[in-house]
Number of protein chains: 2
Amino acid sequence: MPTIADVAAHAGVGQGTVSRVLNGSPKVRDATRARVLSAIELLDYRPNPLARGLSRGRCQTLGVVVPFFTHASAIERLRGVASGLDGSRYDLVLFNVESPVHRDEHIASITGRDRADGLLVLSLPVADRDLQRLTAAGVPVVLVDAPGTGVPTVVTDDRAGGRVATQHLVDLGHRAIGYLGHDPSNPFGFTATDDREAGYLEVLADAGLPVRRELIRYGPHDREAGRALAAELLAEPHPPTAIFASSDAQAMGVLAATEDAGLRVPRDLSVIGFDDVELSSYVGLTTVRQPLFESGRLGVELLLAALAGDPPPPTVHALPLELVVRSTTAPAPRRHDPNHISQPRGNAR
Amino acid sequence: MPTIADVAAHAGVGQGTVSRVLNGSPKVRDATRARVLSAIELLDYRPNPLARGLSRGRCQTLGVVVPFFTHASAIERLRGVASGLDGSRYDLVLFNVESPVHRDEHIASITGRDRADGLLVLSLPVADRDLQRLTAAGVPVVLVDAPGTGVPTVVTDDRAGGRVATQHLVDLGHRAIGYLGHDPSNPFGFTATDDREAGYLEVLADAGLPVRRELIRYGPHDREAGRALAAELLAEPHPPTAIFASSDAQAMGVLAATEDAGLRVPRDLSVIGFDDVELSSYVGLTTVRQPLFESGRLGVELLLAALAGDPPPPTVHALPLELVVRSTTAPAPRRHDPNHISQPRGNAR
DNA sequence: GATCGCCGTGGAAGCGGTTCCACGACTGCG
DNA sequence: CGCAGTCGTGGAACCGCTTCCACGGCGATC
């Protein structure tokens, strides 16, 4: 591997000059610059990023902390991140989080510009102490889909989203509406779906509907959990006529459970999800769309701006939500007897 | 940020000793080691990875080159990669490839251990010249789902897979079988689906069926392309009764096109895909499963073995394929008149 | 009891860049 | 025509770590 000294020798200049050429300094005579460039060409020289990083005190790398492949939604966000990074000079290093320990380890491992020049955290809350430490160390942080103070944040109004979803069901005449979310005390500290639940509760209250605690269930955001929880709801003595699942992944499970129980969607049960992942359009799921791709992209843009010495204020950027009505929601079945719906469920367990 | 010199001063030792403690050298007296460790603790010292990398000539990072989010299958492989990397000391840097230029740029940018200690390339062929250059520079390379000489490779027998899929359709009595793949001259140089096509052609020949060129179409591996190509096939004067799509993504498009044409799957058209991405199980797509997750994981394991100084021979690891029959394939419709099937297609364009 | 290792350690020389400082040559001004 | 200022440049210090080399002290050996 040729070094800067080799280039300097070949070009007959000092290594300081080669470095200036490399970094586009204007204080190099054109003739000199040409000699250096041709020596670089001749030797097929490339600067060593490690040495450069050590010397400049930064590493041209962006860290992305992401609960990796547990949620399809994370992938969509990552796509946005990758697209926002395209054309920039930064490398992307991925910190995969599959447990709370992971999250803390990764965040603790960043102590300065030697590991990552900036940090983008997806869907995971970061302790204020860590945020302050990183900021003090000159590492800008941007949070996407998670709360945090003092740093730019990209969020959606999950409470409003919860309202929109629930209101849609209420408007269709449903009065027994189940809710599926994750446990508010989950160890990761996800908070988004808590807000969705709050929106759900508000709409129930506004509509004068009772809150039936037995219709609210918690579990992880995956299909199997959704399936199991929905099966429980459907086995209730007075089952819901509609279910709001706070993620599309859980909603997919609701669909499966409905089929298991010999019921038809949307005839016997309306289902609405949250996220609008790619799959949802294939399946025809009614859902609340949140701009996942755009959130990742905006997050990166904010981070790049901070790195470009144009520090964005710690604004909370709220991205819009949109109700996407497809084919899993329909008007509530008419009935005189509140137990009516339980009749066709012959093969439900 | 404290440096190794600070630690040395606090512990009253030389920095060489601190370094030895850091790297677990046995030639440090226990008492000394304890003093150093407590100084490290006290100062909350962490070694600077850049400096360490520069000094040792490697950077504790693995590069993964991946046609990022164009294929859902790439994601599945990446999950395997992430899981295989879990617990290792290596960081994962992602090189996103959305164009052939990208691919070449990224591969060219790796010139030694200063950028990545090893390289994992997914689904993209790498020129022998680059492979040799990287090997010479001490950067081990592992290829997954792509051909290459002189390096460990993880593949599936795509030709056999093409045979299995086609044979399944033949066994069901289909005699007019369409094929969807990508253009063999695609600029990325993907080759996997060419082999699937070869398998398709072999089975046709074995079964004594004619190769009808008009039933073979090429396009990118996404849903929209599959939809458009399938629409063309269905508009043929003698349309196929079954279609083998060489990726699940295209198969999804075939399903959509069938619906567009007012036809029913599998009654009017049997559809089989390839990959078995997560989505396929939801949709009930019959397909040929290839172990995507496992391929990524095995690739990383081979790379880590190479890095651990245990260089694996340049073996080709072939992973098994499996026919997964779901609900999009059925026996071919009986008919005396070969144009029979075209009758119900009133609203096809 | 002197010599020979060996062990544990300190110090310095890299690793390959960036950046600051000093310096010579040239320009422009009085 | 002399002097200050600018421009372009070379060289050295430095970034923070690893590793090699040299050296002092100790126990084993004869």
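Residue numbers begin at 1 in each chain, while the letters A, B, ... track the order of the sequences.
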- Query: In whole angstroms, how far is the P atom of D/dC15 from the CG atom of B/Asp114?
  - Reply: 22 Å
- Query: Listed by chain and number, what are the ring pair (Phe, Tyr, Trp, His ring centres under 6.0 Å) partners of A/Phe188, not counting sequence neighbours?
  - Reply: A/Phe190
- Between the axis at one end of the helix from C/dG1-D/dC30 to C/dG30-D/dC1 and the axis at the other (five pairs apiece), what's the angle to 10 degrees? 50°
Which pairs would a plain distance check flag for residues 3-15 of chain B, meaning a side-chain donor or acceptor within less than 3.5 Å of a matching protein atom at least two apart in sequence or in another chain?
{"residue": "B/Thr3", "atom": "OG1", "partner": "B/Ala5", "partner atom": "N", "Å": "3.2"}
{"residue": "B/Asp6", "atom": "OD2", "partner": "B/Thr3", "partner atom": "N", "Å": "2.8"}
{"residue": "B/His10", "atom": "ND1", "partner": "B/Asp6", "partner atom": "O", "Å": "3.4"}

Under 3.5 Å, which donor-acceptor pairs do the side chains of residues 50-57 of chain A form with other protein atoms, sequence neighbours left out?
{"residue": "A/Arg52", "atom": "NH1", "partner": "A/Asn23", "partner atom": "OD1", "Å": "3.4"}

- Task: Check ring pair (Phe, Tyr, Trp, His ring centres under 6.0 Å) between A/His106 and all other residues, then give those that pass, not counting sequence neighbours.
- Result: A/Phe95, A/His102
- Task: Evaluate the side-chain contact (heavy atoms from CB on, under 4.5 Å) criterion for residues A/Leu94 and B/Val64: first the C-alpha distance (whole Å), next the side-chain angles of each, then the deciding distance (0.1 Å), finally the verdict.
- Result: CA-CA 11 Å; A/Leu94 225 48; B/Val64 178; over 6 Å; no
Between side-chain atoms of residues 143-151 of chain A and protein atoms elsewhere (two or more places apart, or another chain), which donor-acceptor pairs fall under 3.5 Å?
{"residue": "A/Asp145", "atom": "OD2", "partner": "A/Ser123", "partner atom": "OG", "Å": "2.8"}
{"residue": "A/Thr149", "atom": "OG1", "partner": "A/Asp128", "partner atom": "OD1", "Å": "2.9"}
{"residue": "A/Thr149", "atom": "OG1", "partner": "A/Asp128", "partner atom": "OD2", "Å": "3.1"}

- Message: Taking salt bridge (Lys or Arg N to Asp or Glu O under 4.0 Å) as the cut-off, I'd like each qualifying pair that reaches into residues 103-127 of chain B, sequence neighbours left out, listed once.
- Response: A/Asp91-B/Arg115
- How would nucleotides 8-19 of chain C be written as a contact map, 5' to 3', with B for base contact, S for sugar-phosphate-only contact and - for no contact, using protein heavy atoms under 4.0 Å? SBBB--BBBBBB
- Message: According to salt bridge (Lys or Arg N to Asp or Glu O under 4.0 Å), does anything in residues 23-49 of chain A pair up with another residue at least two apart or in another chain? List the pairs.
- Response: A/Asp44-A/Arg46
